[in-house]
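To keep things clear, I will list the structure first and then write my remarks on it.
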There are 2 protein chains.
Amino acid sequence: MARARQDVPMIRHVDDYSWETRDGNNPGDDIVRWKLLVDADRTPGFGFSLGILEIPPGGVLPPHHHTPQEVYCIYRGTGKLRLGGEVREVKAGTIVFIPQDHVHGIENVGPTPLSLMWIFPTDAWADVEYEYL
Amino acid sequence: MARARQDVPMIRHVDDYSWETRDGNNPGDDIVRWKLLVDADRTPGFGFSLGILEIPPGGVLPPHHHTPQEVYCIYRGTGKLRLGGEVREVKAGTIVFIPQDHVHGIENVGPTPLSLMWIFPTDAWADVEYEYL
């Protein structure tokens with residue numbers, strides 16, 4: 001993907017980003033919303049990219065996998081995380097390392113939004129190809 | 001640096017990491033403390049690394065630079081950030097992209113600890129060589 005590398009300073013508040021959603025073909029597209037905080041398609045940034053994802057109470061990001069490894073930093077709410085064959089409770093402060101091509105999914109099992117930051121080793125989120133089970 | 005690549009799942013809470021400090025040669029070493037959350041020297045993880053830094057009220061991480069680009073996600077407190085020739089107030093929710101070799105430093109100007117997450121495009125924090133002004 002041809003992008004100009006924007007290696008320039010940025011200082012920006014999370015409230016000044018717009019939420020994004022998608023009426024897409026993938027499960028969960030109509031349920032979750034996200035902001036691309038550092039992402040070569042939206043901002044300065046390269047070598048890694050990150051954003052925040054919000055899942056409403058009862059919402060699910062269905063099991064999926066992708067080639068790049070990923071990290072979740074959960075910062076609000078409580079959820080049930082599937083990671084490979086394991087299912088674990090997670091909450092604000094949980095750090096998750098998801099290996100390459102490893103199946104994962106997350107469900108909000110609490111009364112408040114479940115919010116997490118994701119980090120990919122790609123310039124942009126769009127460089128990650130999701131495969132749902 | 002020879003490390004075995006640990007591409008294995010990890011689920012861990014931030015409270016279960018130990019704070020690290022250093023009586024080092026660099027300015028600020030005795031003031032700040034940090035946790036290496038995803039870092040090839042401590043945990044599974046590669047391709048990028050991240051941790052949290054805490055600066056007490058009145059504390060300073062002095063101006064410095066390094067080859068890799070870096071991101072700060074400030075999640076608690078208020079600070080004064082130097083980024084290149086600019087000085088800006090930052091607070092919980094501020095996202096900062098720091099270009100390669102770009103001088104930056106941060107001072108806690110509030111009454112509570114100033115806490116931020118950093119992300120580097122390196123396998124580990126130890127791969128980043130800091131140069132102080």
Side-chain angles (χ1 to χ4, degrees), chain A residues 5-17 35-40 42-52 68-76 81-104 117-123, chain B residues 5-17 35-40 42-52 68-76 81-104 117-123:
Chain A
R5 172 175 290 193
Q6 283 205 66
D7 194 17
V8 297
M10 175 184 79
I11 305 173
R12 196 170 168 191
H13 196 274
V14 69
D15 291 342
D16 297 328
Y17 291 81
K35 296 183 178 189
L36 303 178
L37 301 183
V38 178
D39 193 288
R42 297 278 188 288
T43 74
F46 62 100
F48 60 89
S49 54
L50 57 93
I52 54 173
Q69 70 276 26
E70 183 178 17
V71 167
Y72 283 170
C73 300
I74 291 150
Y75 65 90
R76 183 171 56 161
L81 174 83
R82 173 174 168 187
L83 187 59
E86 204 177 355
V87 176
R88 287 267 292 276
E89 299 284 328
V90 296
K91 60 182 180 180
T94 302
I95 310 295
V96 183
F97 179 76
I98 303 159
Q100 293 182 330
D101 295 309
H102 209 75
V103 172
H104 55 289
M117 175 174 285
W118 78 77
I119 303 102
F120 278 118
T122 58
D123 290 346
Chain B
R5 172 175 289 193
Q6 283 205 67
D7 193 17
V8 296
M10 176 184 79
I11 305 173
R12 196 170 168 192
H13 195 273
V14 68
D15 291 343
D16 297 328
Y17 290 81
K35 296 183 178 188
L36 303 178
L37 301 183
V38 177
D39 194 287
R42 297 277 189 288
T43 74
F46 62 99
F48 60 90
S49 54
L50 56 94
I52 54 173
Q69 70 275 27
E70 184 179 16
V71 166
Y72 283 170
C73 300
I74 291 150
Y75 65 91
R76 183 171 56 162
L81 174 83
R82 173 175 169 186
L83 186 59
E86 204 177 355
V87 176
R88 287 266 293 275
E89 299 285 327
V90 295
K91 60 182 180 180
T94 302
I95 310 296
V96 183
F97 179 75
I98 303 160
Q100 294 182 329
D101 295 309
H102 210 75
V103 172
H104 55 289
M117 175 174 286
W118 78 77
I119 304 102
F120 278 119
T122 58
D123 291 345

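Since the model is a prediction, treat every value here as computed from it, not as a measurement. Just so we're on the same page: letters track the sequence lines, and every chain starts at 1.
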query = Rounded to the nearest 0.5 Å, how far does NZ of A:K91 lie from CG of B:D15?
reply = 7.0 Å
task = Measure A:I74 against the heavy atoms of chain B and call it side chain, backbone, both or neither at under 4.5 Å.
result = neither
query = Got A:E86 and B:P9 here, is their nearest side-chain heavy-atom distance under 4.5 Å?
reply = no
remark   = d(B:T43 OG1, A:I95 CD1) to nearest 0.5 Å is 10.0 Å
ask   = Given that the side chain runs from C-beta out, which part of B:F46 has a heavy atom under 4.5 Å from chain A: side chain, backbone, both or neither?
value = both
message = Could you check whether any side-chain N or O of A:H13 sits under 3.5 Å from a backbone N or O of B:A92, counting only pairs where one atom can act as donor and the other as acceptor?
response = yes
ask   = What distance do A:C73 atom SG and B:I52 atom CD1 have between them, rounded to the nearest 0.5 Å?
value = 9.5 Å
remark   = Turns out that what part of B:L83 lies under 4.5 Å from chain A's heavy atoms comes down to side chain
ask   = Highest number of heavy-atom pairs under 4.5 Å with chain A: which of B:H104, B:H102, B:Q6?
value = B:H102
note = chain A shares the most heavy-atom pairs under 4.5 Å, among B:V14, B:L37, B:I119, with B:I119
message = Can you give me the closest heavy-atom contact between A:E70 and B:F48, atom names plus distance?
response = C-CZ, 4.4 Å
request  = Give a yes or no on whether the backbone of A:Q100 and the side-chain of B:D7 come within a donor-acceptor separation of less than 3.5 Å.
outcome  = yes
request  = Sort out for me which of B:V38, B:V8, B:I98 touches chain A most, counting heavy-atom pairs under 4.5 Å.
outcome  = B:V8
task = Select one option (side chain, backbone, both, neither) describing which atoms of B:L81 are under 4.5 Å from chain A's heavy atoms.
result = side chain
Straight-line distance of A:R12 CZ to B:F97 CZ, nearest 0.5 Å = 14.0 Å
inquiry  = Does any backbone or side-chain atom of A:V96 lie under 4.5 Å from a heavy atom of chain B? Answer side chain, backbone, both or neither.
reply    = both
